[in-house]
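See below for the structure under consideration.
If you're wondering where the values come from, they're calculated on a predicted model, not measured in any experiment.
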Amino acid sequence: MLFRSKASGFRWNKDGSAIYFLADGERDFLGIGRYTLAGGKVEWLYTPDADVDGFALAGDGRLAANVNRDGYSRLVLLSPEGRPLPLSVEPGGVVSEMSWSPDGKRLAFAFSTPTAGSRIRLVDVASGTVTAPIAGETAGRLVGTLAEPELLKFESFDGVPLSGFLFRPKGTAPARGWPVVMFVHGGPEGQTKANWRFDLQVMVEAGYVVFAPNVRGSTGYGRRYAGLDDRERRMDSVRDLAVCGEWLKRQPGLDPKRMAIWGESYGGFMVLSALAEQPELWQAGVDIFGVVNFDTLLRDTGPWRRDHRATEYGDPKTDPDLMRWLSPISRADRIRAPLFVSHGDRDPRVPKSESDQIVTFLKSRGKPVEYQEIEYEGHGYWRPGNRRRAYDGVREFLDRQLAKND
């Protein structure tokens, strides 16, 4: 049996006669399979028309499956043969871990929503009752401003479906409409889900509408969808951002003349590409440890990442023209909007030299760019002080730049 994606999530059954796993096999979506050691037989137990993000195996062979529906989790209980049982739970957020109790009567899982951080939930299998024995992360000062997003769906320039989460501040919109920040997830194989994002809620508190899209190439919508931006098709995902931006400009209560775009890691590549390809659409950009030059990225990144990333972006040895064409540095002279760049000095995935390149290029041409270099941080800011400094820097930059159009 050949799989188009790597199998993952391996679990032994109680007597060690079979292994359970997640894979897509010949399908578009991830499902639950079982490999029986005696005879080497593979059976597909649960293959819904959506990705199964994870599962838990009880001692008696029952399964709990976490199904991804448009970035929301749905828990489904299955018999040992994979037949759906009466219990299913749609908690309104994202499940990240699951574990059965030893007696098989309860299921525990970690859970977060757009307005609350991760905490533990328990499901009583017999009654379907969900309880919360342990509180999770609190929102602190944001409690009064937390926004529950709206899931929006529309089509791109070629009919490919797009979706995203729109967060609106509470209260009445200003006369000219709210300023807008589009947040582009990293990856490229990633997905914005309905989970807790402190950084996005901080922007809502500051009076911004935030739109977090899932464009082509995002995971959670099948293998075919995730491959729609591979190699020569990568710029189609950037065109998706323009479609999202034009769609936002037509929405009531938003100010089309105050729109910024923000991304981290691969999302930084998307930001720089959008600023270069659509300079009339964006009034400001935020690039946090983003990809600038695919040739230097694959040369300088950790060696364990090179072959995998080459299948996405091209191989520098055989596809130099493609790598050059895809790299934002090759079109950076088109960037007009002010840019905020932030990078940790110990980043092993996207080396800081990537941000150095774009900052040096823009400064040499007199373009407005601010550079925040953070010491002792890698790919992501984990120290609370550094995280606060980074996101305060983003907010202050956007306040300055978008206020110019008041």
To the closest 0.5 Å, what do you measure between [atom1] ([X]) and [atom2] ([Y])?
X: L402; Y: W178; atom1: CG; atom2: CH2; value: 14.0 Å
X: L241; Y: L248; atom1: CG; atom2: CG; value: 10.5 Å
X: N214; Y: L152; atom1: CG; atom2: CG; value: 11.5 Å
X: L166; Y: M182; atom1: CG; atom2: CE; value: 10.0 Å
X: D49; Y: F29; atom1: CG; atom2: CZ; value: 6.0 Å
X: Y35; Y: W12; atom1: OH; atom2: CH2; value: 9.0 Å

Does any N or O in the side chain of [X] come within less than 3.5 Å of the main-chain N or O of [Y], such that one atom is a donor and the other an acceptor?
X: Y381; Y: H343; result: yes
X: K367; Y: I335; result: yes
X: S101; Y: R106; result: yes
X: R346; Y: G344; result: no
X: R168; Y: E150; result: no
X: Y266; Y: V184; result: no
X: D51; Y: L30; result: yes
X: Q283; Y: A260; result: no
X: R62; Y: P80; result: no
X: D28; Y: R223; result: yes

Using the rule given for side-chain contact (heavy atoms from CB on, under 4.5 Å), can you reason through R197 versus T192, listing the C-alpha separation, both sets of side-chain angles and the distance that settles it, and then say yes or no?
CA-CA 10 Å; R197 288 296 304 252; T192 296; 5.7 Å; no

Do V271 and W282 have side-chain heavy atoms sitting under 4.5 Å apart?
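Result no, sub-4.5 Å side-chain heavy-atom pair not found.
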
Validation: residues 83-92 side-chain donor-acceptor distances under 3.5 Å, sequence neighbours left out:
{"unit_1": "E90", "atom_1": "OE2", "unit_2": "R74", "atom_2": "NE", "d": "3.1"}

Which is it for W44 and F21 under the ring-ring contact (aromatic ring centres under 6.0 Å, His included) test, yes or no, and what are the steps along the way?
CA-CA 10 Å; W44 293 104; F21 58 89; 5.7 Å; yes

What residues, two or more places apart in sequence or in another chain, satisfy salt bridge (Lys or Arg N to Asp or Glu O under 4.0 Å) together with K352?
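Only D356, E373 meet the salt bridge (Lys or Arg N to Asp or Glu O under 4.0 Å) criterion with K352.
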
Lys NZ or Arg CZ of R365 over F361 ring: under 6.0 Å, within 45°
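Yes - R365 lies over the ring of F361, closer than 6.0 Å to its centre and within 45° of its axis.
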
With sequence neighbours excluded, tell me which residues meet side chain to side chain donor-acceptor pair (under 3.5 Å) with T172.
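T172 satisfies side chain to side chain donor-acceptor pair (under 3.5 Å) with no other residue.
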
Does a sphere of radius 6.0 Å around CD in E97 hold more than 12 heavy atoms from other residues, nucleotides or ligands, not counting ones at 6.0 Å or beyond?
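Incorrect, the count does not exceed 12.
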
List the steps and the verdict of side chain to side chain donor-acceptor pair (under 3.5 Å) for D124 and T129.
CA-CA 5 Å; D124 182 273; T129 302; 5.6 Å; no

Indicate the atoms forming the closest heavy-atom contact of [X] with [Y], along with that distance.
X: A284; Y: L275; result: O-CD2, 4.2 Å
X: A206; Y: R395; result: CB-CD, 3.6 Å
X: P213; Y: F211; result: CD-O, 3.4 Å

Per the salt bridge (Lys or Arg N to Asp or Glu O under 4.0 Å) rule, what does the pair list look like for residues 378-388, sequence neighbours excluded?
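Found E377-R383.
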
Can you list the steps and then say if K257 with D255 is a salt bridge (Lys or Arg N to Asp or Glu O under 4.0 Å)?
CA-CA 5 Å; K257 295 184 179 180; D255 186 351; over 6 Å; no

Criterion side-chain contact (heavy atoms from CB on, under 4.5 Å) on R349 and S265, from CA distance to verdict:
CA-CA 9 Å; R349 293 193 177 190; S265 190; over 6 Å; no

Taking 4.0 angstrom as the limit, do D24 and R27 come out as a salt bridge?
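Result for this pair is no, no salt bridge flagged.
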
Salt bridge flag under 4.0 Å for residues D53 and R69:
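The answer is no: the pair does not qualify as a salt bridge.
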
Where does the angle between the aromatic ring planes of F183 and W262 fall among parallel (under 30°), tilted (30 to 60°) and perpendicular (over 60°)?
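Perpendicular: the ring planes of F183 and W262 meet at over 60°.
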
Indicate every side-chain donor-acceptor pair of residues 155-163 with a distance under 3.5 Å to a residue at least two apart or in another chain.
{"unit_1": "S156", "atom_1": "OG", "unit_2": "R216", "atom_2": "NH2", "d": "3.4"}
{"unit_1": "S156", "atom_1": "OG", "unit_2": "D240", "atom_2": "OD1", "d": "2.5"}
{"unit_1": "D158", "atom_1": "OD1", "unit_2": "V160", "atom_2": "N", "d": "3.4"}
{"unit_1": "D158", "atom_1": "OD1", "unit_2": "R216", "atom_2": "NH2", "d": "2.8"}
{"unit_1": "D158", "atom_1": "OD2", "unit_2": "R216", "atom_2": "NH1", "d": "2.9"}
{"unit_1": "D158", "atom_1": "OD2", "unit_2": "R216", "atom_2": "NH2", "d": "3.4"}
{"unit_1": "S163", "atom_1": "OG", "unit_2": "Y221", "atom_2": "OH", "d": "3.4"}

Can you check side-chain contact (heavy atoms from CB on, under 4.5 Å) on L146 and W196, steps first, answer last?
CA-CA 10 Å; L146 292 174; W196 172 243; 3.8 Å; yes

Could you give me the CA-CA distance, side-chain angles and deciding distance for M203 and L200, then say whether side-chain contact (heavy atoms from CB on, under 4.5 Å) is met?
CA-CA 5 Å; M203 296 308 299; L200 303 190; 5.7 Å; no

Using residues 322-332 as the side-chain source, report each donor-acceptor pair under 3.5 Å to any protein atom, sequence neighbours left out, with the distance given to one decimal.
{"unit_1": "R324", "atom_1": "NH1", "unit_2": "D321", "atom_2": "OD1", "d": "2.9"}
{"unit_1": "S327", "atom_1": "OG", "unit_2": "F294", "atom_2": "N", "d": "2.9"}
{"unit_1": "S327", "atom_1": "OG", "unit_2": "M323", "atom_2": "O", "d": "2.7"}
{"unit_1": "S330", "atom_1": "OG", "unit_2": "R324", "atom_2": "O", "d": "3.0"}
{"unit_1": "S330", "atom_1": "OG", "unit_2": "S327", "atom_2": "O", "d": "2.7"}
{"unit_1": "R331", "atom_1": "NE", "unit_2": "E277", "atom_2": "OE2", "d": "2.7"}
{"unit_1": "R331", "atom_1": "NH1", "unit_2": "W325", "atom_2": "O", "d": "2.4"}

